[in-house]
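Have a look at the structure below, then the notes.
The structure presented is a predicted model; accordingly, all values stated were derived computationally and were not measured.
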Amino acid sequence: MIEDFLIKKYSKYGRVSPSGELYLPISKCKEMVIDCTENKVAVIGLELFHKKGEQVVPAGGTDSSSLLKKDSEWSEVVEKCNHFVLRVLSQEEIKDSTLYCNLTVLEEVDWK
């Protein structure tokens with residue numbers, strides 16, 4: 001799965017929880033979204049966190065799953081979702097560049 005490849009690629013930049021969730025600095029999250037777009041993976045959710053030692057404290061998030069239209073082409077879904085998430089990340093990074101994030105991704109094979 002592409003998702004596993006991306007988690008392995010980016011795990012060195014952040015922290016992987018015991019349950020397999022990847023927490024990345026916001027700048028690396030932006031890079032991962034770009035990689036997702038290039039690999040035709042949609043980012044359908046974003047959670048933001050502050051890192052306090054080894055703990056992560058929720059700081060907000062967003063959900064782009066409303067952009068998942070069954071009658072759309074997959075490439076259109078990926079483009080819309082990922083563009084939306086990149087815009088949110090850029091706005092949040094301006095406010096607080098110390099944020100960490102966790103992305104929820106969806107591959108075409110799991111869609112529909």
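- A donor-acceptor contact shorter than 3.5 Å links the side chain of Asn82 to the backbone of Val41.
- Under the ring pair (Phe, Tyr, Trp, His ring centres under 6.0 Å) criterion, Phe49 pairs with Tyr23, not counting sequence neighbours.
- Between the CG atom of Leu48 and the CD1 atom of Ile26 there is a distance of 5.5 Å, given to the nearest 0.5 Å.
- For the pair Val43 and Ser64, the minimum side-chain heavy-atom distance is 4.5 Å or more.
- Closest heavy-atom contact between Pro25 and Gly14: CD-CA, 4.4 Å.
- One distance of note links OG of Ser17 with CG of Asn102; it measures 7.5 Å at 0.5 Å rounding.
- With hydrogens and angles disregarded, no donor-acceptor distance shorter than 3.5 Å links the side chain of Ser90 to the backbone of Arg87.
- Once rounded to the nearest 0.5 Å, the distance linking CG of Asp96 with CD of Gln91 reads 14.0 Å.
- Here the closest heavy-atom approach between residue Cys29 and residue Leu24 is recorded as SG-CB, 3.9 Å.
- Between the side chain of Tyr13 and the backbone N or O of Ser27, no donor-acceptor pair lies under 3.5 Å.
- For Lys80, the NZ atom is loosely surrounded, since the number of other residues' heavy atoms within 6.0 Å does not exceed 12.
- Under a 3.5 Å cut-off, the side chain of Asp110 and the backbone N or O of Leu106 do not form any donor-acceptor pair.
- Scanning both residues, Ser72 and Val77, for their nearest heavy atoms gives CB-CG2, 3.8 Å.
- From Leu86, atom CG reaches atom CD1 of Ile34 across 5.5 Å, with rounding to the nearest 0.5 Å.
- Summarising the geometry, atom SG belonging to Cys81 is positioned 12.0 Å from atom CG belonging to Leu46; distances are rounded to the nearest 0.5 Å.
- Between atom CG of residue Leu99 and atom CG of residue Leu89 there is a gap of 9.5 Å, rounded to the nearest 0.5 Å.
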